[in-house]
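Source: prediction; values computed, not measured. Lettering of chains follows the sequences in order, A, B, ..., and the numbering in each one begins at 1.
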2 protein chains.
Amino acid sequence: MAVTIVHVAEQAGVSPSTVSRVISNDSRISQKTSRKVRKVMDELGYHPNMLAKSLVTNTTHNIGIVLPRPADELFQNQFFSEIIRGMVAKAASIHYDILMTTGSNAEEELKAVERLVRGRNVDGIILLASHKDDVNISFLREEKFPFVLVGRSEDFSDITSVDNDNIAASQAITRHLISLGHRRIAFVSGPFDLTVSKDRLDGFSKALLEAGIPFDRDYVYESAFTPESAAQITKHILSLATRPTAIITTDDVMAFSIIRTLWNNGLRVPEECSVVGFNNTSLAQMCLPQISSVDIGTYQMGQSAVQALVQRIKGEGFEQARIIIPHQLIWRDSVQVPAE
Amino acid sequence: MAVTIVHVAEQAGVSPSTVSRVISNDSRISQKTSRKVRKVMDELGYHPNMLAKSLVTNTTHNIGIVLPRPADELFQNQFFSEIIRGMVAKAASIHYDILMTTGSNAEEELKAVERLVRGRNVDGIILLASHKDDVNISFLREEKFPFVLVGRSEDFSDITSVDNDNIAASQAITRHLISLGHRRIAFVSGPFDLTVSKDRLDGFSKALLEAGIPFDRDYVYESAFTPESAAQITKHILSLATRPTAIITTDDVMAFSIIRTLWNNGLRVPEECSVVGFNNTSLAQMCLPQISSVDIGTYQMGQSAVQALVQRIKGEGFEQARIIIPHQLIWRDSVQVPAE
DNA sequence: ATTATTTGTGCAAAGGTTTGCATAAACTAA
DNA sequence: TTAGTTTATGCAAACCTTTGCACAAATAAT
């Protein structure tokens with residue numbers, strides 16, 4: 001069996017409590033004792049058992065993150081790997097680890113959360129991709145368990161969350177396109193049940209409104225975050241009597257697929273149709289033409305999320321309800337003034 | 001304080017051991033008692049404390065995964081998110097969670113592994129991106145701690161690992177290019193210290209050898225897994241007196257960057273230069289021209305790694321040392337017969 | 001009716017820490 | 001010296017389970 005704190009204690013001729021205090025740098029321990037104990041710890045190759053420690057302190061230094069349900073699909077999106085990258089980096093720097101779990105459906109997902117929370121496996125939880133009536137949120141609130149949401153909750157306004165101002169971002173894009181002279185602008189949204197989709201659509205329609213352009217439902221589409229889905233919608237757009245001169249999407253992957261589909265059908269981008277993406281993934285600047293997009297500070301969102309969560313866990317600092325990561329419009333080759 | 005097993009026991013008029021046995025479906029418990037206890041558990045909203053359980057069973061149901069050191073850089077690569085996706089999916093399906101950690105340098109990385117292992121935070125570990133003299137491997141071997149390696153170890157042959165036959169894959173690509181008529185083929189490799197890079201280069205040179213084409217060191221380059229690095233190398237290639245007619249790379253991102261750089265300098269792909277990638281990320285089929293690549297079953301590797309690890313943990317099944325995931329060459333638009 | 005067997009449950013130890021409180025030792029002040 | 005402080009350490013309880021072993025009750029066999 002592994003060497004425990006009592007072995008060290010015996011060997012050093014002190015009590016386990018003293019060893020424990022040495023480990024935690026308790027000020028009451030004398031220099032001499034501390035040195036002596038540390039020496040023994042080294043000799044014996046002692047390493048504290050975190051489980052035992054966790055059990056008594058009720059603290060694990062683990063942050064749970066629940067991958068969105070159709071993890072399979074969403075993870076393909078660079079957005080997710082990017083945000084997780086930010087989380088892991090930040091967590092590691094403050095000595096936390098990231099515990100990832102997922103469920104293949106809503107029920108399993110909640111079960112997983114329950115398991116983590118009530119099994120005391122994590123100190124806090126980060127929720128990704130919020131939608132309306134998220135049962136996880138209700139559960140966590142009820143349990144008064146520390147958590148932060150990436151995105152915005154439609155149901156509760158007092159939840160610590162990390163988000164962009166998606167409405168403003170989307171509005172700004174649309175404004176810019178309008179200022180270029182575009183009047184017929186299509187909007188290819190991600191799944192409507194996602195709050196982020198709603199917000200972006202919201203910003204879009206606001207910009208139209210303020211410019212006095214009628215909001216045309218036929219120019220609004222719902223797509224999955226997949227190339228296939230976007231391609232299909234694009235084909236439909238191509239079949240329209242009066243085509244839009246610009247298309248705004250909710251993610252670079254969709255933007256890319258749209259561009260490709262247009263291209264394959266003989267429509268040049270941006271000459272015959274402008275396209276703008278979202279999230280500013282590396283894809284946006286890699287492809288040809290480079291895609292105009294919105295940098296939403298994905299990596300930073302990940303970092304901020306764990307930072308905010310840890311603050312909540314420790315009960316320190318202000319419990320700022322909403323942290324807004326600034327966005328930035330990146331204009332690239334996929335946009336220009338309309339042809340006609 | 002949360003409700004514990006003894007509360008349940010008291011309420012149900014049995015002993016804690018009985019409750020524990022009910023939970024684990026011990027066959028010795030009578031139907032009647034079981035029902036009674038379960039009812040009380042429900043009423044009280046009891047949920048076992050996993051930490052306590054872990055402490056006594058010495059089992060956590062967590063799998064540790066150590067992100068490669070420059071996690072920042074590598075994670076950008078779709079390969080990583082894809083393989084992790086496979087791991088999480090598989091792990092969730094067999095009721096394991098994934099605990100991710102990382103370190104910003106080799107020393108920190110080892111420290112993180114030590115912490116996980118000796119702190120008994122995980123039941124096993126998956127190592128990514130193996131290179132020569134990996135201290136993590138030595139440590140884990142010494143500790144006799146269950147782990148599997150994604151990739152191949154140059155130092156030890158008896159390590160359970162999940163890998164492709166990179167030599168064969170690379171060789172097959174090269175052969176095919178040769179059969180198309182290419183004679184001057186450049187090889188843009190990932191970092192040389194990675195085993196996977198060595199293997200792919202190895203397959204490349206083997207194919208040249210068997211075709212009687214001299215191996216030209218000036219046609220072999222070392223690149224980081226970044227577009228910038230690949231672009232720089234491409235510029236150098238463009239400056240060569242006799243340019244290659246085809247370029248093989250070790251990853252799609254690099255392939256993409258190469259194509260773009262060639263294009264920007266007036267060289268058409270595949271007409272004037274063929275390019276082939278590796279890993280068959282979604283990028284490969286999304287971009288224009290679509291990139292010929294090698295599907296190495298990344299997602300499946302993630303799944304297999306978890307499966308193999310859990311088998312090792314449970315000590316069941318054969319401890320097959322090396323699991324080889326089959327690869328598949330995907331020929332797309334970026335390759336054709338050489339111009340001259 | 002007695003013994004042997006099966007079935008269901010409880011006792012108590014073990015797992016490795018942390019920490020409030022008590023105490024011993026050393027020092028300071030009178 | 002005596003009392004009062006400070007400093008350094010130890011004791012033992014608590015955290016919540018699991019599990020080997022013992023035991024009692026019920027059933028079966030003689």
Side-chain angles (χ1 to χ4, degrees), chain A residues 1-41 44-62 114-123, chain B residues 1-41 44-62 114-123:
Chain A
M1 197 71 303
V3 29
T4 76
I5 205 172
V6 327
H7 296 142
V8 175
E10 277 169 7
Q11 192 72 22
V14 297
S15 76
S17 13
T18 301
V19 178
S20 172
R21 290 189 178 107
V22 168
I23 294 170
S24 58
N25 285 316
D26 190 306
S27 63
R28 294 178 303 174
I29 297 294
S30 70
Q31 287 276 328
K32 199 172 59 179
T33 316
S34 178
R35 261 196 299 274
K36 182 174 63 182
V37 171
R38 284 187 191 287
K39 187 158 158 253
V40 175
M41 293 197 321
L44 266 49
Y46 167 74
H47 205 90
N49 182 320
M50 289 318 202
L51 292 176
K53 174 171 181 166
S54 292
L55 180 58
V56 36
T57 61
N58 229 331
T59 251
T60 63
H61 270 217
N62 288 165
E114 280 184 30
R115 192 164 44 77
L116 291 189
V117 170
R118 315 187 61 179
R120 301 231 154 1
N121 268 318
V122 296
D123 295 348
Chain B
M1 196 72 303
V3 30
T4 75
I5 204 172
V6 325
H7 297 141
V8 176
E10 277 169 7
Q11 193 72 22
V14 297
S15 77
S17 15
T18 301
V19 178
S20 172
R21 291 190 177 105
V22 168
I23 294 170
S24 58
N25 285 317
D26 190 305
S27 63
R28 295 178 303 174
I29 298 292
S30 70
Q31 289 276 326
K32 199 172 58 177
T33 315
S34 178
R35 259 197 299 275
K36 183 174 59 182
V37 170
R38 285 188 190 286
K39 185 158 159 253
V40 174
M41 294 200 317
L44 266 47
Y46 168 74
H47 206 90
N49 183 320
M50 288 319 201
L51 292 176
K53 173 170 181 166
S54 291
L55 181 58
V56 36
T57 60
N58 230 331
T59 250
T60 63
H61 269 216
N62 287 166
E114 280 184 30
R115 193 165 45 76
L116 292 189
V117 170
R118 315 187 60 182
R120 302 225 154 1
N121 267 318
V122 297
D123 295 348

Nearest 0.5 Å please: distance from the OG1 atom of B:Thr18 over to the CD1 atom of B:Ile29.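 The OG1 atom of B:Thr18 sits 5.0 Å away from the CD1 atom of B:Ile29.
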Start at the 5' end of DNA chain D and walk down; is the nucleotide closest to A:Val56 or to B:Val19 reached first?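 Nearest nucleotide further toward 5': that of A:Val56.
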Taking for each residue the nucleotide of DNA chain D with the nearest heavy atom, is it B:Arg28 or B:Pro48 whose nucleotide lies nearer the 5' end?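 Comparing both residues, the 5'-ward one is B:Pro48.
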Looking only at side-chain N and O atoms, does A:Thr4 come under 4.0 Å of OP1 or OP2 in C:dG16?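 Result: no.
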For C:dT17 and A:Ser20 - does any side-chain N or O of the residue sit under 4.0 Å from the phosphate oxygens OP1/OP2?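 So the side-chain polar atoms of A:Ser20 never come under 4.0 Å of the phosphate oxygens OP1 or OP2 of C:dT17.
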Separation of [N] [atom2] from [X] [atom1] (nearest whole Å):
X: B:His7; N: D:dC15; atom1: NE2; atom2: P; answer: 9 Å
X: A:Glu10; N: C:dG16; atom1: CD; atom2: P; answer: 13 Å
X: A:Asp26; N: C:dT17; atom1: CG; atom2: P; answer: 17 Å
X: B:Asn25; N: C:dG8; atom1: CG; atom2: P; answer: 14 Å
X: A:Ile29; N: C:dT18; atom1: CD1; atom2: C1'; answer: 13 Å
X: B:Asn58; N: D:dC16; atom1: CG; atom2: C1'; answer: 15 Å
X: A:Gln31; N: D:dT7; atom1: CD; atom2: P; answer: 14 Å
X: A:Met50; N: C:dT17; atom1: CE; atom2: C1'; answer: 11 Å

So B:Arg38 and B:Met41, side chain to side chain contact (heavy atoms under 4.5 Å, CB included) or not? Walk me through it. CA-CA 5 Å; B:Arg38 285 188 190 286; B:Met41 294 200 317; 4.1 Å; yes
Please work out if B:Gly119 contacts a base, only the sugar-phosphate, or nothing of the nucleic acid, heavy-atom cut-off 4.0 Å.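 Result for B:Gly119 = nothing.
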How would you label the contact of B:Leu55 with the nucleic acid (heavy atoms, under 4.0 Å): base, sugar-phosphate, or nothing?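 Answer is base: heavy atoms of B:Leu55 come under 4.0 Å of a base.
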Residue [X], side-chain heavy atoms: nucleotide from [options] that is nearest:
X: A:Ile5; options: D:dT18, C:dG8, C:dT17; answer: C:dT17
X: A:Val14; options: D:dG10, D:dT17, C:dG10; answer: D:dG10
X: B:Lys53; options: D:dT17, C:dT18, C:dG8; answer: D:dT17
X: B:Ser15; options: D:dT19, C:dC21, C:dG10; answer: C:dG10
X: A:Ser17; options: C:dT9, C:dT17, C:dT19; answer: C:dT19
X: B:Ser30; options: C:dT17, D:dT9, C:dT9; answer: C:dT9

Can you tell me if [X] uses its side chain to pair, donor with acceptor, with the backbone of [Y] under 3.5 Å?
X: A:Arg118; Y: B:Ala2; answer: no
X: B:Ser20; Y: B:Pro16; answer: no
X: B:Arg120; Y: B:Ser54; answer: no

What are the two closest heavy atoms between A:Thr33 and A:Val14, and how far apart are they?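 Residues A:Thr33 and A:Val14, closest heavy atoms: CG2-CG1, 4.1 Å.
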Is any side-chain N or O of B:Arg120 under 3.5 Å from a base N or O of C:dG15, one able to act as donor and the other as acceptor?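 No pair found.
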For B:Gly13 and B:Ala52, find the nucleotide of DNA chain C closest to each by heavy atoms; which residue's nucleotide sits nearer the 5' end?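 Result: B:Gly13.
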